[in-house]
Number of protein chains: 2
Amino acid sequence: MHRIDDVNVLAECLSSSDFELNFSFPAARYARLFHAHAGDFILREGEEPAYLYYLHTGRVKLYLTLSNGKVSLIDFFEAPCFLGEMELIGVQRESRAIQALGDCRCLALPVRECRELLLHDALFLRKLCVYLGTKNNRNVASLSQNQAFPLANRLAAFLLFASPDGHYRERHTHAAEYLGVSYRHLLHTLSDFSRKGYIVKETRGYRLANRAALEEKARGIES
Amino acid sequence: MHRIDDVNVLAECLSSSDFELNFSFPAARYARLFHAHAGDFILREGEEPAYLYYLHTGRVKLYLTLSNGKVSLIDFFEAPCFLGEMELIGVQRESRAIQALGDCRCLALPVRECRELLLHDALFLRKLCVYLGTKNNRNVASLSQNQAFPLANRLAAFLLFASPDGHYRERHTHAAEYLGVSYRHLLHTLSDFSRKGYIVKETRGYRLANRAALEEKARGIES
DNA sequence: CCGCTTCTATGAGAAATCTCATATTCAGTT
DNA sequence: AACTGAATATGAGATTTCTCATAGAAGCGG
């Protein structure tokens with residue numbers, strides 16, 4: 001990830017986002033702009049971030065490495081959202097990494113300069129509470145779903161979620177991590193879906209061939 | 001759960017807790033006191049709470065009922081903590097219930113009167129952010145652990161966690177919910193631990209007989 | 001004391017999921 | 001063009017976990 005010092009690009013980003021609406025102090029005055037390429041790390045494991053980031057464009061994934069050695073993909077985040085907010089409020093112990101999935105633009109407030117301002121800004125804190133609460137809800141939902149439903153149901157929901165145009169193109173490796181199952185088992189279930197005609201393999205990915213059946217499978221998950 | 005109108009008891013509760021330190025306005029003026037017996041519901045599923053609760057004494061469990069019909073135990077909370085804060089900030093969609101595990105005392109602020117005060121109080125909001133962030137961390141940790149380790153490891157950790165005096169006395173039904181496995185499988189694994197001599201069955205519960213072995217099993221989980 | 005519900009307990013068999021081994025393809029590198 | 005590391009695939013067998021069936025024990029209101 002590298003910093004972009006072009007003042008015009010920064011101004012453009014600021015004006016094309018809700019960034020400033022999150023603060024009751026003139027945050028724009030402190031803002032920097034960063035650009036991350038696909039695969040770049042925005043937060044590295046065990047590193048104290050120097051900025052509070054606001055993802056302006058792009059998509060990232062958050063994961064942590066267990067003592068197991070296994071890497072567990074925790075969640076996807078899409079712009080707009082905060083990154084590094086847990087560290088700001090000082091509740092971060094685990095070593096987490098945030099990695100860009102595609103090109104990302106991040107507005108950033110330097111913690112050193114803004115920490116006190118942020119921690120006394122009721123508007124920002126309220127926005128942050130909502131954001132944290134929403135994240136919490138999602139986590140709780142997936143926590144209980146993972147335990148309550150076998151992969152077939154969760155995969156059906158994921159296929160529908162991740163295929164806006166009816167074409168599924170996620171990496172199997174990513175999907176397996178996200179769904180919390182082994183790569184092997186994901187492939188099993190995909191080929192099972194193929195056999196049943198729910199999906200059809202294409203040159204690159206799958207086409208959702210029987211949306212109704214997938215929705216039926218996914219039912220009971222949406223809560 | 002019923003309200004306690006004794007002003008002296010209320011005053012006593014206020015003075016014996018950090019309650020007032022969470023707010024920069026005179027919250028004590030608005031505070032009520034409630035008492036819940038074991039099994040009482042503090043929040044019912046699908047009900048909009050009229051109060052922001054601060055658990056003064058006691059222990060509660062939070063769970064939600066899936067469309068599945070299955071009930072999923074999400075978490076335990078111990079005093080002191082907030083309850084109903086998700087609803088206050090307006091990010092609550094799922095139907096959750098909070099049930100007292102033993103006798104509980106709750107300080108409570110009426111949402112109708114305090115909502116605006118609370119949502120503009122930077123001190124309270126900051127405390128709430130920390131609280132939500134901590135909750136989030138716990139959820140993420142258990143989310144990834146559940147996926148990464150079989151029950152034997154998690155159970156070992158749970159036994160050590162839930163047996164301060166070396167005697168385990170949790171309800172199997174509760175434990176099974178909490179660990180996210182079937183009752184049957186929990187019993188399997190317990191009897192396996194028995195056979196291996198890790199634990200010894202007593203009149204009521206189990207005694208941890210081989211703490212070292214349990215710690216070995218639990219290792220790799222503590223992150 | 002009776003009937004009801006919940007918890008505890010155990011067995012048998014099935015389903016879900018994992019590990020390991022092995023190939024192939026593909027993109028990037030040298 | 002050869003090499004390498006990741007992603008894709010597929011098979012076989014083991015492990016984990018679940019469902020169902022059954023039964024006794026404990027607690028509780030009538």
Notebook entry, point to check: Does A:R154 place a side-chain N or O at less than 4.0 Å from the phosphate oxygens OP1/OP2 of C:dT17?
Noted result: yes
Notebook entry, point to check: Which whole-number value in Å describes the distance from B:F193 CZ to D:dT16 P?
Noted result: 11 Å
Item checked: A:R59 to A:F76 six-membered ring, cation-pi geometry met (6.0 Å, 45°) -> yes
Margin query: Working to the nearest 0.5 angstrom, can you tell me the gap between A:H185 NE2 and A:D192 CG?
Written below: 9.5 Å
Next item on the list: Among C:dT17, C:dC18, D:dA9, find the nucleotide with the atom closest to the side chain of A:Y206.
Entry: D:dA9
Next item on the list: Map every base of DNA chain C to its dot-bracket character, where paired means a Watson-Crick or G-U wobble contact with both distances under 3.5 Å and | marks a partner outside the strand.
Entry: ||||||||||||||||||||||||||||||
Checklist line | Atom-to-atom span, NE2 of A:H174 to P of D:dA6 - whole angstrom | finding: 12 Å
Next item on the list: Indicate, with a heavy-atom threshold strictly under 4.0 Å, whether B:H172 touches base, sugar-phosphate, or nothing.
Entry: sugar-phosphate
Note to self: If I take atom NE2 in residue B:H188 and atom P in nucleotide C:dA12, what distance separates them, rounded to the nearest angstrom?
What the structure shows: 10 Å
Next item on the list: Looking only at side-chain atoms of B:Y183, point me to the closest of C:dT8, D:dC18, C:dT17.
Entry: C:dT8
Margin query: Using whole Å, what does the distance between atom C1' of nucleotide D:dT16 and atom CG of B:L186 come to?
Written below: 14 Å
Checklist line | Minimum side-chain heavy-atom gap A:V111-A:P49 below 4.5 Å | finding: no
Next item on the list: Please state whether the phosphate of D:dA9, meaning OP1 or OP2, lies under 4.0 angstrom from any side-chain nitrogen or oxygen of A:R184.
Entry: no
Next item on the list: Whole angstrom is fine here: how far is it from CG in B:L151 over to C1' in D:dC18?
Entry: 12 Å
Item checked: A:F158 side chain near A:L179 side chain, heavy-atom distance below 4.5 Å -> yes
Note to self: I need the CG-P distance between B:L190 and C:dA9, as an integer number of Å.
What the structure shows: 9 Å
Notebook entry, point to check: How are the rings of B:Y198 and B:F193 set relative to one another: parallel (under 30°), tilted (30 to 60°) or perpendicular (over 60°)?
Noted result: tilted
Notebook entry, point to check: So, B:K135 and B:E85, do they make that salt bridge, N to O below 4.0 Å?
Noted result: yes
Margin query: Taking any heavy-atom pair under 4.0 Å as a contact, classify B:T173: base, sugar-phosphate, or nothing.
Written below: sugar-phosphate
Margin query: Taking the minimum atom-to-atom distance to the side chain of A:V181, which one of C:dT8, D:dA7, C:dC18 wins?
Written below: C:dC18
Check: What nucleotide, of C:dT8, D:dT8, C:dA16, holds the atom closest to the side chain of A:P150?
Finding: C:dA16
Item checked: For atom CG of B:L187 and atom P of D:dT22, their distance in whole Å -> 19 Å
Checklist line | Interatomic distance where NE2 belongs to A:H185 and P belongs to D:dA9 [whole Å] | finding: 17 Å
Checklist line | From D:dA9, D:dT17, C:dA9, nucleotide with atom closest to A:K201 side chain | finding: D:dA9
Next item on the list: Test side chain to side chain donor-acceptor pair (under 3.5 Å) on B:R138 and A:N139 and set out the steps.
Entry: CA-CA 10 Å; B:R138 285 204 309 181; A:N139 285 339; over 6 Å; no
